[in-house]
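Report on one structure; see the data block that follows.
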Amino acid sequence: MSQKNDIRLLRINYLRGPNMWTYRPVLEVWLDLGELEDHPSHQLPGFNDRLTAVLPALVEHHCGVGERGGFLERLTEGTWCGHVLEHIVIELLNLAGMPTGFGQTRSTSQRGVYRMVFRARDEQVARAALAEGHALIMAVINDQPFDVPAAVGRVRDKLDDCYLGPSTAAIVAAATDRRIPHIRLNDGNLVQLGHGQRQRRIWTAETDMTSAIAEGIASDKDLTKSLLKAVGVPVPHGQAVKTAEQAWEAAQDIGLPVVVKPSDGNHGRGVTLDLKLRDDVLAAFEVAARHGTEVLVERYITGNEHRLLVVGGQVVAAARGEVAAVVGDGVHNVLELTERQINSDPRRGLTENHPLNRLNVPEDGVILLDLQRQGLTPESVPAAGRQVLIQRNGNVAIDCTPEVHPEVAHAVSLAARTVGLDIAGVDLVTEDIARPLSETGGAIVEVNAGPGLLMHLKPAGGAPQPVGQAIIDHLFAEDETGRIPIVGVAGSRGGHQISRLVAWLLHLNGRHVGLACRDGLFLGTRRVEKRNSARWDAAHRLLMNRGVNAVVVENDPASVLRDGLAYDRCQVGVVTDLDGIAELAEFDVHDVDQLYKVLRTQIDVVLSDGASVLHAAHPRLVDMAELSDGEVVFYAEDGSLEALQHHRDRGGRAVFLRGGAAVLAQGPAETPGANIEALLRRFGAAATDASTLLAAVAAAWALGISPELIAAGLDTFVPDLHLA
């Protein structure tokens, strides 16, 4: 078979918000098949067999058939390579650990050119998957070798570098389940939940309710212990020391055995347990000193290490540790046995997705000390059957949440409250967590801010715990969504005027309003930027602003096609017209049906307790009403329109013009409203039209603003920005 030329990727565009394809962010790729337009899958000799050999899980793709094997059926029947590339990219994302099932490929008006989209939680990960998928499909087409595991590894590396960590992702997923929107604020794990004044922020397992003072206390283990002791929480007796000799003196005073650890370390680093001999204490001091600014010597508590997660004063999860050990075979040394018997466990790894860490024997001072106490080195070959302790702590990953005794939970909760942390990881040692600490002699040894959640989300044993949900329930009351009223105005006619009028009426209604439209960016009545702000980035900035509790956004069709909407859902969505097609040729939009699919996005995102405001003089916009999850409010200059009358007959709301004034009607009831003719005169000849002003009235009414305030607001509105 002759070699085929590469599929050309003409344009790659990340749609960050709801768009004409779906509610979620997608990567949109314009691609030119070139000569492959004449060679669908069933006409490429051996292609289907080679593809399913390197990606066998493609059998799970339903495709348009709607059942397992659906995509393979399409392959056999013959489908174009753009569609095949879509499924390859989706499968690479699945294999890399970012599962997705959404994708579409559609032809354009140019022969051989297609628009392919797929779900993309992160732009950089999606671009990496696209690049690997593009290379893979060309290799399969041309019967060339391709290393799929290496490609998946590169996508996974990009995922590890760019996407949220598993703890943050779990919290965000829990927020999504409660329909709470989120915005990622940096390249790491700082995330905003909710919008405007109702937002909360998390940074992994820290929140904007986490006290800096409490964090400072938690980082000082000696101070933490003294505070806990003062309120009656059992803690091991101990003291801070400055030298190795002082450590041994303290150990003798406290009573052997002891624990030596850094005062401000974390993750169990530098902690050596069960020390009975002078030389061991001296060596442990040197290890601890490398991991903290001060060293503590404490009484050794017998039992298992446990980590309990406290959220909002309640214990929501608990995990138990286990000792890591190997059994000698008389052949392999300690280092080799560790690799074979411990690090080979798939639960162990170096990323946040692994509940247990790999053990680095040669570089871990605590492990080396424990080996030395057993008369061994990493190169020693233990006799067959000899059990060798490798690590005492740091392996906390066995869920034991149902076992926690109420008195243990009370002590742990009291410890978190005493330190002042809203979310805390409390470490305790006890022989049996199902019994009170007073019976077992157990004690709390640390209280940690910003605890990792992975041990509870993906325990090495036992059931996962819904800790992300617990954190969201802590941040938001049951009836809270973190949402503020958002009004989106879409269309080509008068969107900026509608947006400004609605923002003004919201302002008069006591709201702190952010406005993004082609007239600029506004905070309240102050214009902070004069350039065209009917853009995704301008609206996004308003949603991040803690000072606003309502947002109005103008969305022209080009901005929806270029970026998607800046918000996931809105309270009121307005669509004014289906004009402006001539300006959208670069997006391959050439007719009303195509533009309809673009502008329906604004109606698709209206909340169920919100409203869609539609121009009843346009039959296609009347049809759009059936897409709304919320109420529909029609507006038109002519109140006798059949669509408007039919809507009123069913008890619906409508706004129309009569005698120069707006009439607000619901069913048969009518309320006279704003003086439209007077405002038109203030705008000046040809500056706007009555339909535009009626749209603003309808949107304000849909927001719950009274007809009287709407009338007064339009009387006081100043159209000229220089005079406002």
Side-chain angles (χ1 to χ4, degrees), residues 195-197 484-491 493-534 538-539 541-543 545 547-556 567 570-574 576 610-611 613 633 635 655 657 660-664 671-684 687-724:
H195 292 147
Q197 286 185 1
I484 59 175
I486 297 174
V487 180
V489 182
R493 293 185 181 177
H496 59 306
Q497 296 161 341
I498 297 169
S499 300
R500 286 184 56 212
L501 278 164
V502 172
W504 172 248
L505 293 170
L506 280 167
H507 166 71
L508 295 180
N509 200 42
R511 294 282 185 174
H512 299 285
V513 188
L515 165 63
C517 67
R518 75 187 75 170
D519 287 336
L521 189 70
F522 298 76
L523 292 174
T525 57
R526 183 167 57 93
R527 181 160 60 164
V528 295
E529 287 187 7
K530 293 185 178 181
R531 63 174 178 155
N532 184 348
S533 294
R541 287 164 56 194
L542 293 178
L543 298 176
N545 192 316
V548 303
N549 58 16
V551 168
V552 182
V553 179
E554 179 187 3
N555 300 296
D556 62 42
Y567 41 86
C570 67
Q571 189 70 24
V572 173
V574 182
T576 60
V613 175
V633 180
Y635 72 93
V655 176
L657 195 64
V663 177
L664 286 65
T671 302
N675 189 333
I676 299 297
E677 281 192 355
L679 183 54
L680 283 172
R681 288 193 295 271
R682 295 208 306 282
F683 263 103
T688 189
D689 56 39
S691 292
T692 295
L693 305 186
L694 290 170
V697 171
W701 194 28
L703 285 165
I705 300 175
S706 69
E708 295 79 11
L709 183 57
I710 294 172
L714 263 62
D715 285 344
T716 56
F717 180 74
V718 180
D720 191 338
L721 280 167
H722 298 291
L723 300 176

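Side chains included, hydrogens not; waters and symmetry mates left out as well; all remaining heavy atoms used.
Within the 4.5 Å cutoff, side-chain heavy atoms of Val552 are placed close to those of Leu506. Put simply, the side chain of Val553 does not reach to within 4.5 Å of the side chain of Val487, judged on heavy atoms. Looking at Thr671 and Val663, their side chains never come closer than 4.5 Å, going by heavy atoms from C-beta outward. The shortest distance between side-chain heavy atoms of Arg500 and Leu515 falls below 4.5 Å.
When the side-chain contact (heavy atoms from CB on, under 4.5 Å) test is applied to Ala662, the partners found at least two apart in sequence or on another chain are Val655, Leu664, Ile676, Leu694, Val697.
One distance of note links CG of Leu505 with CZ of Arg511; it measures 13.5 Å at 0.5 Å rounding. Atom NE2 of His195 is separated from atom CD1 of Ile484 by 7.5 Å, given to the nearest 0.5 angstrom. In this structure, Gln497 CD and Glu554 CD are separated by 9.5 Å, a value rounded to the nearest 0.5 Å. Between Glu677 atom CD and Leu657 atom CG the span is 7.0 Å, to the nearest 0.5 Å. From Asp556, atom CG reaches atom SG of Cys517 across 11.5 Å, with rounding to the nearest 0.5 Å. Rounded to the nearest 0.5 Å, atoms CG (Leu543) and CD1 (Ile486) are 5.0 Å apart.
Under a 3.5 Å cut-off, the side chain of Thr692 and the backbone N or O of Thr688 do not form any donor-acceptor pair. With Asn545 contributing its side chain and Gly196 its backbone, the two residues share no donor-acceptor pair below 3.5 Å. No donor-acceptor distance shorter than 3.5 angstrom exists from the side chain of Thr576 to the backbone of Val574, with no hydrogens or angles considered.
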Task: Derivation and outcome, side-chain contact (heavy atoms from CB on, under 4.5 Å), residues Gln197 and Val548 - done: CA-CA 6 Å; Gln197 286 185 1; Val548 303; 5.8 Å; no
TODO: Under the side-chain contact (heavy atoms from CB on, under 4.5 Å) rule, what do His496 and Ile498 come out as? Steps first, then yes or no, please.
DONE: CA-CA 6 Å; His496 59 306; Ile498 297 169; over 6 Å; no
- [ ] Tell me, with the steps shown, if Leu521 and Leu542 meet side-chain contact (heavy atoms from CB on, under 4.5 Å).
- [x] CA-CA 9 Å; Leu521 189 70; Leu542 293 178; 3.9 Å; yes
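Gly514 approaches Leu523 most closely through the heavy-atom pair CA-CD2, 4.4 Å. Shown here for Ala699 and Val613, the closest heavy-atom pair between the two residues is CA-CG2, 3.9 Å. Contact between Asn532 and Arg518 at its shortest, heavy atoms only, is OD1-CA, 3.1 Å. Between Tyr635 and Ser691, the shortest heavy-atom distance links the atoms CE1-O, 3.3 Å. A pairwise comparison of heavy atoms in Asn555 and Gly488 identifies ND2-CA, 4.0 Å as the closest pair. Annotation for Ala696 and Val502: closest pair O-CG2, 3.9 Å, computed over non-hydrogen atoms.
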Distance-only criterion, 3.5 Å: show the donor-acceptor pairs between side-chain atoms of residues 702-719 and protein atoms not counting sequence neighbours.
| unit_1 | atom_1 | unit_2 | atom_2 | d |
| --- | --- | --- | --- | --- |
| Ser706 | OG | Leu709 | N | 3.2 |
| Thr716 | OG1 | Trp504 | NE1 | 3.4 |
| Thr716 | OG1 | Ala712 | O | 3.1 |
| Thr716 | OG1 | Gly713 | O | 3.1 |

